[in-house]
2 protein chains.
Amino acid sequence: MSASDTTATAERKRGSGVRMVYELLRDQILDLELPPGAIVDEIQLADRFGMSRTPIREALVRLAAEGLIDTLPNRSTMVSQIDFANLHTFFDALTLMYRVTTRLAAEHHQPADLDRIRRLQRAYEDAAQARDEIAMIATNRDFHYAIAEAGRNRYYLSLFGRLLDEGRRILRLYYYSSFEGELPGEYLREHEAIVQAIAARDIEAADRLARAHADQIVRQIGKAITRDRRQDIAI
Amino acid sequence: MSASDTTATAERKRGSGVRMVYELLRDQILDLELPPGAIVDEIQLADRFGMSRTPIREALVRLAAEGLIDTLPNRSTMVSQIDFANLHTFFDALTLMYRVTTRLAAEHHQPADLDRIRRLQRAYEDAAQARDEIAMIATNRDFHYAIAEAGRNRYYLSLFGRLLDEGRRILRLYYYSSFEGELPGEYLREHEAIVQAIAARDIEAADRLARAHADQIVRQIGKAITRDRRQDIAI
DNA sequence: TGTATTTTACTTGTCGACAAGAAATATGCC
DNA sequence: GGCATATTTCTTGTCGACAAGTAAAATACA
């Protein structure tokens with residue numbers, strides 16, 4: 001689907017094209033609109049965006065540097081596969097980053113940070129109420145990313161950002177389908193508790209809650225994957 | 001200095017140019033041969049490597065994605081500054097990654113990993129004996145990176161890699177000058193203890209030693225910076 | 001002489017075209 | 001028909017040239 005989003009030959013500011021292509025492709029990849037293995041054609045993209053291959057290529061180089069696409073030399077470039085074999089390493093890193101960033105947020109947050117976090121928490125709540133899966137995934141990501149920003153450590157922030165992005169793809173596959181139509185009330189309550197711990201500058205509570213939240217997510221995805229596997233065998 | 005390394009118009013394999021330029025610039029930046037703030041000129045590089053601007057640009061896009069250079073739109077691109085104001089966030093992340101990767105190495109290493117780690121440990125020892133500062137920094141980095149590889153978590157590995165790279169610049173400024181000609185015997189002993197803990201699969205010991213090692217480094221750099229500052233004031 | 005404005009010089013951003021490499025297709029040979 | 005080889009086709013990698021934008025130099029003016 002995804003109606004031919006031809007922004008085509010509209011007058012564009014010099015230098016804005018690369019960022020535009022980069023962001024669009026990135027979102028399409030993370031929402032699985034471009035599934036793992038999909039081939040990405042430079043000429044096709046150039047036509048679609050009404051620009052030459054040069055800026056397209058620069059966007060692709062960036063995506064490749066972040067591991068979102070793989071380029072086979074002199075051959076096609078494709079959306080990178082999700083590394084299911086090492087999912088546990090992903091969960092391990094994700095859990096640690098949840099904990100560290102939430103701790104730091106409790107320690108270093110400033111008033112404006114809390115406003116922003118609370119606003120995103122409400123956005124997630126709204127998305128959940130509306131049962132809008134893609135919006136839920138995106139706002140959940142933004143909520144936790146905002147917490148990490150309040151922690152003010154750009155190294156953790158960059159790894160956490162990558163993990164949350166990769167998570168968007170995995171969640172799109174497993175997570176929300178595992179709710180089976182129910183609202184994730186548990187998660188809303190956990191988010192609320194996390195925000196309160198941060199506001200109270202209670203570092204140990206923030207750590208404990210972040211860890212519990214991560215464990216909960218890992219458990220639920222694990223459950224969904226197991227069920228998925230069982231169905232595979234049953235067929 | 002750095003004698004005009006013109007690999008120039010030698011027949012090159014198609015596609016190898018980008019990687020070559022990328023790696024060379026990266027090393028020059030991390031060794032401070034290209035100091036923070038140095039401007040990077042595309043045409044100049046194109047001349048120097050005997051290729052057109054296109055592959056040069058792709059290498060620069062990658063470097064920019066990793067934060068090693070900053071590009072001002074329509075203006076020059078320069079080697080990124082070292083963020084001294086937030087050095088503590090760097091040390092915080094570095095310490096955590098030392099611990100986590102060393103723990104995981106103790107848990108998951110395989111025989112070939114240990115061989116590699118021991119080989120790099122000896123390389124560091126040799127560099128220290130020869131008082132070759134650049135080689136010391138590089139082999140120290142490789143030693144810890146090899147440990148992280150044995151831990152088999154690509155997310156930690158990528159952050160740790162970035163931290164060690166950034167560390168190469170900082171160490172080049174402060175760390176080894178702080179030895180004042182003495183050999184870093186302490187570090188050799190600590191390295192040895194870490195390797196033994198990994199080999200024994202003693203996770204807690206590995207963690208404790210990695211933490212102590214990180215603390216030691218942080219303390220020494222801190223001392224060097226403080227002394228540096230005092231001199232600034234004295235003048 | 002000092003300031004505002006135009007001009008110049010230089011760097012980056014984009015383009016269209018061509019060359020090289022790899023897979024798919026066609027051809028020749030048995 | 002089956003296999004090895006040549007040809008075609010398609011995509012990526014590289015190039016040289018030009019357009020756009022910025023800073024510095026030169027000019028005009030009070």
Side-chain angles (χ1 to χ4, degrees), chain A residues 6-25 28-29 34-81, chain B residues 6-25 28-29 34-81:
Chain A
T6 40
T7 352
T9 333
E11 298 263 319
R12 236 176 301 95
K13 244 177 267 162
R14 178 188 167 85
S16 69
V18 176
R19 192 172 57 250
M20 180 183 153
V21 174
Y22 167 77
E23 284 173 2
L24 195 109
L25 283 182
Q28 289 196 333
I29 292 170
L34 285 173
I39 65 171
V40 179
D41 186 286
E42 295 176 6
I43 299 176
Q44 208 171 307
L45 287 170
D47 286 351
R48 177 150 141 240
F49 288 101
M51 58 177 84
S52 93
R53 280 174 51 224
T54 310
I56 304 284
R57 282 197 122 237
E58 296 197 357
L60 293 183
V61 169
R62 278 189 60 184
L63 289 169
E66 290 167 31
L68 289 175
I69 61 176
D70 291 322
T71 66
L72 322 190
N74 284 317
R75 245 169 336 131
S76 59
T77 118
M78 54 172 64
V79 177
S80 66
Q81 299 292 337
Chain B
T6 41
T7 350
T9 332
E11 298 262 319
R12 237 176 300 95
K13 244 176 269 166
R14 177 187 168 84
S16 69
V18 176
R19 192 172 56 250
M20 180 184 153
V21 174
Y22 167 78
E23 285 173 1
L24 195 109
L25 283 182
Q28 288 196 333
I29 291 170
L34 285 173
I39 64 169
V40 179
D41 186 289
E42 295 176 6
I43 298 175
Q44 208 171 307
L45 287 170
D47 286 350
R48 178 151 140 239
F49 289 100
M51 58 177 86
S52 94
R53 278 173 52 224
T54 309
I56 305 284
R57 282 198 121 234
E58 297 197 357
L60 294 184
V61 169
R62 279 189 61 183
L63 290 168
E66 289 167 33
L68 289 175
I69 61 176
D70 291 322
T71 65
L72 322 190
N74 286 315
R75 255 184 312 142
S76 59
T77 118
M78 55 172 63
V79 177
S80 66
Q81 299 291 337

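So you know, we letter chains A, B, ... as the sequences are listed, proteins then strands, and number each from 1. Just so it is clear, the model here is predicted, and its values are computed rather than measured.
- As judged by a 4.0 angstrom heavy-atom cut-off over every strand, A/Thr77 is placed among residues touching the sugar-phosphate backbone only.
- Separating the CZ atom in A/Arg53 from the CG atom in A/Leu60 is a distance of 10.0 Å, to the nearest 0.5 Å.
- In this structure, CD1 of B/Ile69 is placed 10 Å from P of C/dT12, rounded to the nearest angstrom.
- Atom CD1 of B/Ile56 is separated from atom C1' of D/dG16 by 15 Å (rounded to the nearest Å).
- Between the CG atom of B/Asp47 and the P atom of C/dT11 there is a distance of 11 Å, rounded to whole Å.
- DNA chain D is contacted by no residue of residues 58-68 of chain B, taking any non-hydrogen atom closer than 4.0 Å.
- In this structure, the side chains of B/Glu58 and A/Thr54 stay at 4.5 Å or more apart for every pair of heavy atoms.
- Within the 4.0 angstrom heavy-atom criterion, no nucleotide atom of any strand lies near B/Leu72.
- OP1 or OP2 of D/dT14 has not a single side-chain nitrogen or oxygen of B/Ser52 nearer than 4.0 Å.
- Of the side-chain N and O atoms in B/Thr54, none sit less than 4.0 angstrom from OP1 or OP2 of D/dT14.
- Of all heavy-atom pairs spanning B/Pro36 and B/Gln81, the tightest one is CB-OE1, 3.6 Å.
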Could you list all N or O pairs between the protein and nucleotides 7-9 of chain C that sit under 3.5 Å apart?
none

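- Between the CD atom of A/Glu42 and the CG atom of A/Leu45 there is a distance of 8.0 Å, given to the nearest 0.5 Å.
- A/Arg19 is linked by a side-chain hydrogen bond (donor to acceptor under 3.5 Å, both in side chains) to nothing, counting only residues two or more places apart in sequence or in another chain.
- The side-chain contact (heavy atoms from CB on, under 4.5 Å) check on A/Val21 picks up A/Leu25, A/Phe49, A/Met51, A/Ile56, A/Ala59, with sequence neighbours excluded.
- Rounding to the nearest 0.5 Å places CD1 of B/Ile43 at 11.5 Å from OG of B/Ser52.
- By the side-chain contact (heavy atoms from CB on, under 4.5 Å) test, A/Val79 pairs with A/Ile29, A/Leu34, A/Ala38, A/Val40, A/Arg169, sequence neighbours left out.
- Counting to the nearest Å, the P atom of D/dT9 and the CD1 atom of A/Ile43 are 15 Å from each other.
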Pairs under 3.5 angstrom only: tabulate donor-acceptor contacts from the side chains of residues 64-75 of chain B to other protein residues two or more places apart or in another chain.
residue	atom	partner	partner atom	Å
B/Glu66	OE1	B/Tyr22	OH	2.9
B/Glu66	OE2	B/Tyr22	OH	2.8
B/Asn74	OD1	A/Arg14	NE	2.7

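- Between B/Gln44 atom CD and C/dC10 atom P there is a gap of 13 Å when expressed in whole angstrom units.
- Near DNA chain D, defined here as any heavy-atom distance below 4.0 Å, the residues from residues 35-42 of chain A are A/Val40, A/Asp41, A/Glu42, listed numerically.
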Using atom names, set out every protein N or O paired with an N or O of nucleotides 18-23 of chain C below 3.5 Å, distance rounded to 0.1 Å.
residue	atom	partner	partner atom	Å
C/dA20	O4'	B/Arg14	NH1	3.1
C/dA20	N3	B/Arg14	NH2	3.3
C/dA22	O3'	A/Arg75	NE	3.3
C/dA23	OP1	A/Arg75	NE	3.1
C/dA23	OP1	A/Arg75	NH1	2.9
C/dA23	OP1	A/Arg75	NH2	3.4

